[in-house]
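Okay, so here's the structure we're looking at.
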Amino acid sequence: MLELTGLTRRYGSLTALDGVGLRLAPGARHAVIGPNGAGKTTLLNLIAGTERPSEGSVVLDGRDLSRTAPARRARRGIARSFQQPSVIAELTVLDNLVLAGWRHRPAGHAGPRGLFGAGRRRRREETARAGLAAVGLAGYAARRASELSHGQRRLLDLAAALATSPRVLLLDEPAAGLTDRDVDRLLGVLGALPDDVAMLLVEHHTEVVAELADTVTVLVDGRELVAGPVRTALDHPAVRDAYLGTG
Ligand code: ATP
């Protein structure tokens with residue numbers, strides 16, 4: 001269970017996020033929408049740990065992570081897929097996933113040398129190949145990541161986040177810049193997430209939100225405008241005025 005309480009982030013006199021609260025149970029499918037500058041990315045940064053809150057807390061399974069470094073949060077199960085994919089262009093597609101699974105290994109596992117032990121390496125490759133198949137990239141395993149299209153790199157980045165066996169998956173506009181075909185593939189992958197993974201999705205495409213999310217928070221100027229079931233939130237008059245009506 002991820003619990004956000006009174007999350008606030010100030011930059012000088014600007015309050016980017018203002019007292020936002022949210023509870024995500026395992027299996028939750030929650031979206032955050034809102035106009036540009038509403039504080040959506042700031043919210044993801046505070047959960048992933050790349051930013052610290054000015055006030056408020058981030059608690060995962062009863063443990064306060066508000067001041068915990070991003071890598072440690074990742075090991076606790078908070079994974080993030082970025083708007084700009086964070087894959088390593090020079091490595092093969094397969095090695096990107098092998099590395100992703102290894103980098104986020106739970107504390108206490110074997111160190112770097114373990115990556116190259118033959119049996120371990122084979123097992124990691126098998127897992128990575130299954131991860132590639134899940135996002136439709138099985139045929140690209142031996143290619144360099146630099147040869148992939150933007151959409152394929154985003155899918156690889158998503159597979160890398162999933163390779164860490166996350167408890168909470170943070171998605172920053174996963175459909176941005178994707179072709180219709182890749183959006184369909186993305187919807188297939190995210191629609192089949194394991195039941196115990198909580199998903200927090202920041203997304204401008206309301207069709208994607210309606211398809212994937214059960215509940216929505218609408219942020220405007222850093223504050224929660226509306227929160228609730230996806231249809232209620234998207235149809236709310238104040239949301240149409242503040243956000244959708246302007247689109
Ligand atoms: P978009 O949809 O455009 O990505 P957003 O909802 O993700 O917008 P944020 O990126 O979270 O919004 O930004 C919220 C506000 O905080 C904006 O006014 C932004 O300019 C400001 N902001 C974000 N990061 C910083 C920073 N590092 N320093 C100063 N101001 C910042």
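Since this is a predicted model, take the numbers as computed values, not measurements. First listed ligand is number 1; within each ligand, the first listed atom is number 1.
- For ligand 1, the atoms lying closer than 4.0 Å to a non-hydrogen atom of H204 are 2 (O).
- Residue-ligand proximity, A38 to ligand 1, at heavy-atom distances under 4.0 Å covers atoms 5 (P), 6 (O), 12 (O).
- Partner of T217 under the side-chain hydrogen bond (donor to acceptor under 3.5 Å, both in side chains) criterion, chosen from K40, E224, H30: H30.
- Geometrically, ligand 1 and E173 share no nitrogen or oxygen pair separated by less than 3.5 Å.
- Across A176, G37, G222, heavy-atom proximity to atom 14 (C) of ligand 1 is greatest for G37.
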- May I have the step-by-step check of side-chain contact (heavy atoms from CB on, under 4.5 Å) for R167 and V197, ending in yes or no? CA-CA 5 Å; R167 320 255 345 265; V197 176; over 6 Å; no

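- Shown in contact with P35 at under 4.0 Å from a heavy atom are these atoms of ligand 1, numbered in order with element: 6 (O).
- For the atom pair OG1 of T5 and CD of E55, the computed distance is 12.5 Å after rounding to the nearest 0.5 Å.
- Not a single heavy atom of R9 sits closer than 4.0 Å to an atom of ligand 1.
- Separating the CG atom in L200 from the CD1 atom in I47 is a distance of 5.0 Å, to the nearest 0.5 Å.
- Within the 4.0 Å heavy-atom criterion, the part of L14 lying near ligand 1 is the side chain and not the backbone.
- The pair R29-D214 does not count as a salt bridge, with every side-chain nitrogen at least 4.0 angstrom from each carboxylate oxygen.
- R144 has no carboxylate O lying under 4.0 Å from a charged side-chain N of E90, or vice versa, which leaves the two without a salt bridge.
- The N/O atoms of E51, backbone and side chain alike, include none that comes under 3.5 Å of an N/O atom in ligand 1.
- Within the 4.0 Å heavy-atom cutoff, G39 counts among the residues contacting ligand 1.
- Side-chain contact annotation: D157 with S81, donor-acceptor N/O pair under 3.5 Å present.
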